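Data first, discussion second: the structure below is written as structure tokens.
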Amino acid sequence: MNNQQIATLLKNVAASYTISDEKKYRFQIIAYQKAADAISGQTSEINDLVKENRLEHLPGVGKSIKSHLEELIKTGRVKHFDKITKQIPKSVFPLLEIPNLGPKTAYKIVKAFSLKNADTVIDDTENLAKNKKIQSLEGFGEKSQEVILQTIKEYKRGKTKSSRMPLPYAFEIAEKVLSHLKKSSSIIEAVPLGSLRRMMPTVGDVDIAVATNEPKKAIEHFVSYPYKHRILEQGSATASILTSAGKQVDLMAQDPTSFGALLQHFTGSKSHNVHLREHCLKIGLSLSEHGIKSVSEPSKTKRYKKEEEFYKALKMDWIPPEMRENTGEIELAIKHKLPKLVELADIKGDLHIHSNFPMEPSHDMGIDSMKDMLKVGQNLKYEYLGFSEHNPSVSRHTKTQIYSIITRRNEYIEQIKSQIKSVRVIKLLEIDILVNGNLAVDNKSLAILDAAIVSIHSSFRMKKEDMTKRVIEGFSHPKAKILAHPTGRMLNERSGYELDFEKIFDFCIENNKALEINSWPNRLDLPDSLIRQAIKYKVKCIINTDSHAASQMTLMRYGVAMGRRGWATKNDITNTLGYNDFIKWLKS
DNA sequence: GCCGTTTTCGGCCCGACTGTTTTCAGTCG
């Protein structure tokens with residue numbers, strides 16, 4: 001069961017409580033929704049957290065829900081959940097997937113028309129709306145019937161928030177909308193916020209804040225966005241549109257004098273905001289996107305132009321957006337003990353890049369020359385670059401042939417070195433760890449490299465113990481210093497292979513090896529939660545791009561963002577070291 | 001059901017928008 005499925009289950013429990021007796025179960029409902037939100041926002045699999053007994057670190061998941069989840073992972077169901085949800089017709093739950101249909105509305109429709117079949121309930125509701133049967137129900141009308149019909153159609157076409165997009169794609173949408181917004185003189189400033197600003201690996205919808213003295217004009221301009229499918233809502237302070245590609249864009253407008261409060265509010269996460277607001281209530285302050293007011297004097301709101309001022313007014317340090325997931329950052333900010341996170345400018349080199357040098361590998365080659373990639377390295381002000389093409393294919397070459405290809409590449413690198421001197425070149429290779437734990441390159445060839453990156457590219461479906469053994473065996477070679485994309489996950493595609501990370505961490509510490517934070521947008525691997533854990537173990541990480549083209553070398557920002565989401569400081573990342581120190585580590 | 005900088009009891013974020021109402025309920029983020 002994946003996180004979204006678990007979150008849906010918890011939401012269904014909350015919905016069941018809402019329908020049975022909203023007043024009686026008011027706080028259980030909040031608790032279950034909170035837990036669902038916490039889990040759907042988690043980037044590592046709850047399945048693993050339960051198995052590794054790390055679940056208590058999730059805020060919103062306490063003793064009771066934790067034991068329910070343990071039962072769920074173990075047996076596939078939860079008796080307590082079954083008891084609660086059994087009181088509600090099964091057909092209510094699929095309807096909750098439709099935007100704007102909450103528990104009350106869904107239940108009303110199901111009950112009024114005796115819709116019993118959960119498999120067809122969405123079609124049934126669509127037909128009822130088409131045949132104008134819903135408008136006569138109490139509390140409904142022509143408009144709400146039309147909205148139901150419309151949203152079900154969009155849901156069926158996949159135009160819904162359920163599919164999350166990779167971070168760079170979300171940035172692209174944001175850029176397009178921003179360039180549209182800039183055309184209006186009513187908009188003083190426009191900034192993308194939400195999960196985009198927190199640099200979540202995937203983004204559901206795009207949130208944008210604007211500072212304006214003419215909110216009505218600003219919002220009218222926003223909803224006139226040429227690539228919109230339709231306007232979802234439009235008020236005097238906020239509006240939402242669906243783009244023609246089916247992605248939702250939310251906009252909030254605010255007076256420039258309160259823009260800092262809006263930045264804080266709209267960046268989230270929800271869980272961060274709720275926790276922060278609960279904390280502030282205890283000291284008599286009520287927070288909103290407008291500013292801060294005292295509970296004793298609710299008519300007066302203090303406004304803040306800058307987000308820094310907002311946090312400062314709460315006697316806290318400003319919290320980097322990447323940390324705002326309510327995992328302890330608020331407490332540290334109060335104590336002025338936040339870590340100083342690694343920054344893009346700290347990075348001194350990229351050690352995982354693939355040039356087009358003809359290595360005859362079994363995996364994909366790069367498309368640009370070493371020279372072109374070095375030029376980009378120069379522009380990025382790097383001190384060093386490590387070329388790490390895939391090893392020559394084992395099935396098509398003898399050991400001797402592999403040795404001669406690597407020798408040829410070394411000679412070519414020496415030539416280039418004499419031409420470009422501002423960036424130092426390190427001779428690496430990305431080498432497969434074979435099923436038996438051996439490396440795909442023998443000792444003689446390894447000896448002529450500065451070091452090696454090792455990684456898994458085959459036979460993913462091994463048992464956790466076997467895979468851990470395989471990785472550690474390959475990683476044990478003295479030349480192997482970096483384990484690339486350690487979990488093997490591909491976002492929205494596959495969850496990766498299973499590894500015992502406590503063992504991997506221990507191994508890295510004992511042998512002074514580093515785990516890669518791969519910046520490739522569909523990988524972002526290590527995942528942030530594992531980075532956080534690795535850092536706690538004092539394991540070194542290294543942030544690389546895995547570029548297969550010179551233009552991809554700027555993807556470094558995404559890897560750095562994941563490091564920041566995992567609370568990594570400059571000291572935790574080996575490629576923040578200057579060349580001499582880095583080489584010393586690499587050859588240690 | 002969760003949680004702890006006045007608490008192991010007694011609290012629980014805050015506001016916007018829409019449709020169907022005639023002062024509000026439901027949904028969302």
Side-chain angles (χ1 to χ4, degrees), chain A residues 10-11 13-15 17-19 22 24-38 40-41 56 58-69 80-81 84 96 98-108 134-135 137-148 151 161 193-195 204-207 209 215 219 231-240 248 250-254 258 261-262 264-293 295 298 301 314-316 326 330-331 334-335:
Chain A
L10 294 173
K11 275 183 204 157
V13 174
Y17 274 133
T18 308
I19 295 164
E22 193 182 16
K24 184 174 165 192
Y25 297 114
R26 186 163 159 224
F27 296 110
Q28 277 90 338
I29 294 166
I30 293 174
Y32 273 97
Q33 273 167 348
K34 238 185 214 178
D37 287 339
S40 67
E56 70 269 29
L58 255 185
V61 176
K63 215 174 154 189
S64 165
I65 294 184
K66 187 186 166 202
S67 82
H68 291 323
L69 291 180
H80 178 64
F81 292 176
I84 313 283
L96 301 178
I98 311 292
N100 299 317
L101 285 191
K104 302 263 184 87
T105 317
Y107 182 64
K108 254 191 213 165
I134 290 181
Q135 61 186 32
L137 279 184
E138 199 190 329
F140 292 82
E142 265 181 61
K143 273 195 175 167
S144 52
Q145 176 175 266
E146 190 51 40
V147 169
I148 288 171
T151 46
K161 295 181 286 174
L193 301 176
S195 47
D205 48 30
V206 173
D207 299 320
I219 283 174
I231 300 167
L232 294 172
E233 58 178 47
Q234 177 180 2
S236 60
T238 76
S240 296
Q248 185 171 331
D250 298 333
L251 181 117
M252 290 185 89
Q254 186 62 265
S258 277
L262 179 61
Q264 196 288 320
H265 166 79
F266 212 15
T267 298
S269 64
K270 186 175 175 178
S271 170
H272 173 90
N273 282 356
V274 170
H275 187 63
L276 184 66
R277 288 172 180 192
E278 280 174 351
H279 159 76
C280 289
L281 266 188
K282 288 173 194 159
I283 52 175
L285 299 174
S286 171
L287 278 45
S288 78
E289 64 264 44
H290 303 293
I292 302 173
K293 54 192 182 187
V295 174
T301 301
L314 305 172
K315 299 194 166 58
M316 299 168 65
N326 189 27
I330 292 172
E331 288 71 18
I334 292 168
K335 292 184 203 150

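These numbers come from a predicted model, not from an experiment. All values below were derived from every heavy atom in this structure, side-chain atoms included, with hydrogens, water molecules and symmetry-related copies excluded. Throughout, a chain's letter reflects where its sequence line sits, starting with A, and its residues are numbered from 1.
Among B:dC2, B:dT6, B:dC12, the nucleotide with an atom closest to any side-chain atom of A:Ser64 is B:dC2. Closest to the side chain of A:Lys34, from the set B:dT7, B:dC28, B:dC13, is B:dC13.
Of all non-hydrogen atoms in A:Ala253 and A:Pro215, the two that sit nearest each other are CB-CB, 4.3 Å. Of all the heavy atoms in A:Leu193 and A:Ala209, the pair that sits closest is CD1-CB, 3.3 Å. When all heavy atoms are compared, the tightest approach of A:Pro59 to A:Ala38 is O-CB, 3.5 Å.
In this entry the distance linking CG of A:Asn326 with C1' of B:dG4 reads 13 Å, nearest Å. Remark: C1' of B:dC14 and NE2 of A:His279 are 17 Å apart, rounded to the nearest angstrom. One atom, CG of A:Asp207, and another, C1' of B:dC28, lie 12 Å apart when rounded to the nearest Å. Remark: P of B:dG1 and CG of A:Leu58 are 18 Å apart, rounded to the nearest angstrom. In this structure, the CD atom of A:Gln248 is 10 Å from the P atom of B:dC28, given to the nearest Å. Separating the CZ atom of A:Arg26 from the C1' atom of B:dC13 is a distance of 11 Å, rounded to the nearest angstrom. Computed from coordinates, the A:Ile29 CD1 to B:dG11 C1' distance equals 17 Å when rounded to whole Å. Note: OH (A:Tyr25) to P (B:dC2) measures 16 Å, nearest angstrom.
Using a 4.0 Å heavy-atom distance criterion, A:Leu281 is classed as a sugar-phosphate-only contact. Across all strands shown, A:Ile65 has heavy atoms under 4.0 Å from sugar-phosphate atoms exclusively, and none from any base. Within the 4.0 angstrom heavy-atom criterion, only backbone atoms of the sugar-phosphate kind lie near A:Lys63; the bases stay farther away.
Taking atom P on both B:dC12 and B:dT5, the two are 16 Å apart, rounded to the nearest angstrom. Nucleotides B:dT21 and B:dC17 have their C1' atoms positioned 15 Å apart, rounded to a whole Å. The separation of B:dT6 from B:dG11, taken at their P atoms, amounts to 15 Å, rounded to a whole angstrom. Comparing the C1' positions of B:dC9 and B:dC14 gives an interatomic distance of 25 Å, to the nearest angstrom. Between the C1' atoms of B:dC28 and B:dC13, the separation comes to 14 Å (whole Å). Of the C1' atoms belonging to B:dT8 and B:dG1, the separation is 15 Å, rounded to the nearest Å. Comparing the C1' positions of B:dG10 and B:dG15 gives a spacing of 25 Å, expressed to the nearest Å. Taking atom P in both B:dT20 and B:dT27, one finds a spacing of 14 Å when rounded to whole Å.
Within residues 268-275 of chain A, the residues approaching DNA chain B are A:Lys270, A:Val274, by heavy-atom distance under 4.0 Å.
A stacking contact links A:Phe27 to B:dC12: the aromatic ring centre lies within less than 5.5 Å of the base's six-membered ring centre, and the planes differ by less than 30°.
Counting only heavy atoms from C-beta outward, the side chains of A:Phe266 and A:Gln254 never approach each other to under 4.5 Å. Counting heavy atoms from C-beta outward, A:Asp250 and A:Thr238 have side chains that stay 4.5 Å or more apart. Residues A:Gln264 and A:Leu276 are in side-chain contact: their nearest non-hydrogen atoms beyond the backbone lie under 4.5 Å apart.
A donor-acceptor distance shorter than 3.5 angstrom exists from the side chain of A:Thr151 to the backbone of A:Val147, with no hydrogens or angles considered. For the pair A:Gln145 (side chain) and A:Ile134 (backbone), a donor-acceptor distance under 3.5 Å is present. The backbone N or O of A:His265 lies less than 3.5 Å from no partner atom in the side chain of A:Glu289, so there is not a single donor-acceptor pair.
The aromatic rings of A:Tyr25 and A:Tyr17 sit tilted, their planes meeting at an angle between 30° and 60°.
Toward the 5' end of DNA chain B, the nearer of the two residues A:Gly62 and A:Ile334, judged by each one's closest nucleotide, is A:Gly62. If you find the closest nucleotide of DNA chain B to A:Leu101 and to A:Lys335, the one lying nearer the 5' end belongs to A:Lys335.
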Review point. In the 5'-to-3' direction, what one-character label does each nucleotide of nucleotides 15-25 of chain B receive under the scheme B = base within less than 4.0 Å of a protein heavy atom, S = sugar-phosphate only, - = no such atom?
Key: SSSSSSS----
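Judged by Watson-Crick or G-U wobble contacts below 3.5 Å, the nucleotide B:dG1 has B:dC12 as its partner.
Under the side chain to side chain donor-acceptor pair (under 3.5 Å) criterion, A:Ser195 pairs with no residue, sequence neighbours left out.
For B:dT27, the OP1/OP2 oxygens have a side-chain nitrogen or oxygen of A:Thr105 closer than 4.0 Å.
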